[in-house]
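First comes the structure, then the notes that go with it.
The model shown is predicted, which means the values in this text are computed figures rather than measured ones.
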Amino acid sequence: QVQLVESGGGLVQAGGSLRLSCAASGHTFSSYTMGWFRQPPGKEREFVAAISRNGISTDYADSVKGRFTISRDNAKNTVYLQMNSLKPEDTAIYYCAARLGYRPTTSEYDYTNWGQGTQVTVSS
């Protein structure tokens with residue numbers, strides 16, 4: 001089992017940037033595919049980005065392609081989400097998630113471990 005703790009959320013103006021981090025406990029972080037999901041106010045949780053165990057394969061939601069970048073540092077047991085050109089519609093609680101397996105997937109039901117979430121608010 002891996003435990004996840006997100007950080008880096010906050011309030012930012014439209015057009016600004018934030019970098020989210022997700023620190024994982026345990027010694028098997030490199031065995032997990034990692035994902036970022038978000039839940040906007042009053043809406044369902046949605047996929048944002050995912051990255052394979054070795055960091056080579058990534059996948060993004062269409063709404064964030066070209067603006068967000070997911071990366072990981074297996075030596076530090078950490079996955080990141082660099083968010084640029086932020087828009088008010090990016091306002092949400094952002095969750096980090098983990099699943100055993102190589103291939104990054106977009107379904108939240110594939111992920112077995114979740115962090116507590118970090119709030120991102122983008123003002124217009």
Exercise for the section: With the side chain counted from C-beta on, respond yes when Asn84 and Gln82 share a heavy-atom pair under 4.5 Å apart, and no when they do not. Expected result: yes
Handout entry: Spacing of OG1 belonging to Thr106 relative to OH belonging to Tyr60, to within rounding of 0.5 Å
Key = 14.5 Å
Handout entry: Rounded distance (nearest 0.5 Å) linking atom CG of Leu4 with atom OG of Ser21
Key = 12.5 Å
Completion exercise
Taking every heavy atom of Leu20 against every heavy atom of Gly9, the minimum-distance pair comes out as CD2-N, 3.6 Å
Exercise for the section: To the nearest 0.5 angstrom, please state how far the OG1 atom of Thr28 sits from the CZ atom of Arg53. Expected result: 11.0 Å
Handout entry: Gly35 to Tyr111 - nearest heavy-atom pair and separation
Key = N-CE2, 3.7 Å
Practice task
State, to 0.1 Å, how close Ser25 and Val2 come at their nearest heavy-atom pair, and which atoms those are.
Solution key: O-CG2, 3.1 Å
Practice task
Drop me the distance from Tyr32's OH to Ser52's OG, to the nearest 0.5 angstrom.
Solution key: 16.0 Å
Exercise for the section: Carefully, step by step, assess Tyr80 and Cys22 under the rule side-chain contact (heavy atoms from CB on, under 4.5 Å). Expected result: CA-CA 6 Å; Tyr80 306 97; Cys22 174; over 6 Å; no
Problem - ILVMFWY cluster, Tyr94 and Val12 together (side-chain gap under 4.5 Å) - result: yes
Handout entry: Shared hydrophobic cluster, Leu100 / Phe29 (ILVMFWY, side-chain heavy atoms < 4.5 Å)
Key = yes
Problem - Residue pairs fulfilling salt bridge (charged side-chain N to carboxylate O under 4.0 Å, His left out) with at least one residue in residues 67-86, sequence neighbours excluded - result: Arg67-Asp90
Practice task
Would you please test Thr33 and Thr105 for side-chain contact (heavy atoms from CB on, under 4.5 Å) and show each step?
Solution key: CA-CA 8 Å; Thr33 291; Thr105 65; 6.0 Å; no
Exercise for the section: Would you check, one step at a time, whether the test side-chain contact (heavy atoms from CB on, under 4.5 Å) holds for Val5 with Gln116? Expected result: CA-CA 7 Å; Val5 178; Gln116 82 289 347; 4.3 Å; yes
Practice task
Determine whether more than 12 heavy atoms belonging to other residues, nucleotides or ligands lie under 6.0 Å from atom CD of Gln119.
Solution key: yes
Exercise for the section: Identify the heavy atoms of Pro88 and Ser124 that sit nearest to each other, and give their distance. Expected result: CG-CB, 3.9 Å
Handout entry: For the student: nearest non-hydrogen atoms of Gly117 and Glu6, plus distance
Key = N-OE1, 2.9 Å
Practice task
For the residue pair Arg19 and Met83, establish whether any side-chain heavy-atom pair is separated by less than 4.5 Å.
Solution key: no
Fill in the blank from the handout: In short, Asp59 meets Phe47 closest at the heavy-atom pair O-CZ, 3.6 Å
Exercise for the section: Consider only side-chain heavy atoms of I, L, V, M, F, W and Y, link residues closer than 4.5 Å, and tell whether Tyr102 and Trp36 are in one cluster. Expected result: no
Exercise for the section: Evaluate the side-chain proximity of Leu18 to Leu86: yes if any heavy-atom separation is below 4.5 Å, no if none is. Expected result: yes
Exercise for the section: Rounded to the nearest 0.5 Å, what's the gap from CZ on Phe68 to OG on Ser17? Could you check? Expected result: 9.5 Å
Practice task
Could you grab the distance from atom OG1 of Thr78 to atom CE of Met34, nearest 0.5 Å is fine?
Solution key: 9.0 Å
Handout entry: Close side-chain approach of Arg38 to Arg45, heavy-atom, < 4.5 Å
Key = no
Problem - Step-by-step side-chain contact (heavy atoms from CB on, under 4.5 Å) determination, Val79 to Cys96 - result: CA-CA 8 Å; Val79 63; Cys96 173; 3.8 Å; yes
Practice task
Identify the residue among Val120, Ile51, Ile70 that makes a side-chain contact (heavy atoms from CB on, under 4.5 Å) with Leu81.
Solution key: Ile70
Practice task
Test Gln3 against Asn113 for side-chain hydrogen bond (donor to acceptor under 3.5 Å, both in side chains), laying out the working first.
Solution key: CA-CA 7 Å; Gln3 294 184 328; Asn113 301 80; over 6 Å; no
Handout entry: Tyr95/Phe37 aromatic ring centres below 6.0 Å
Key = no
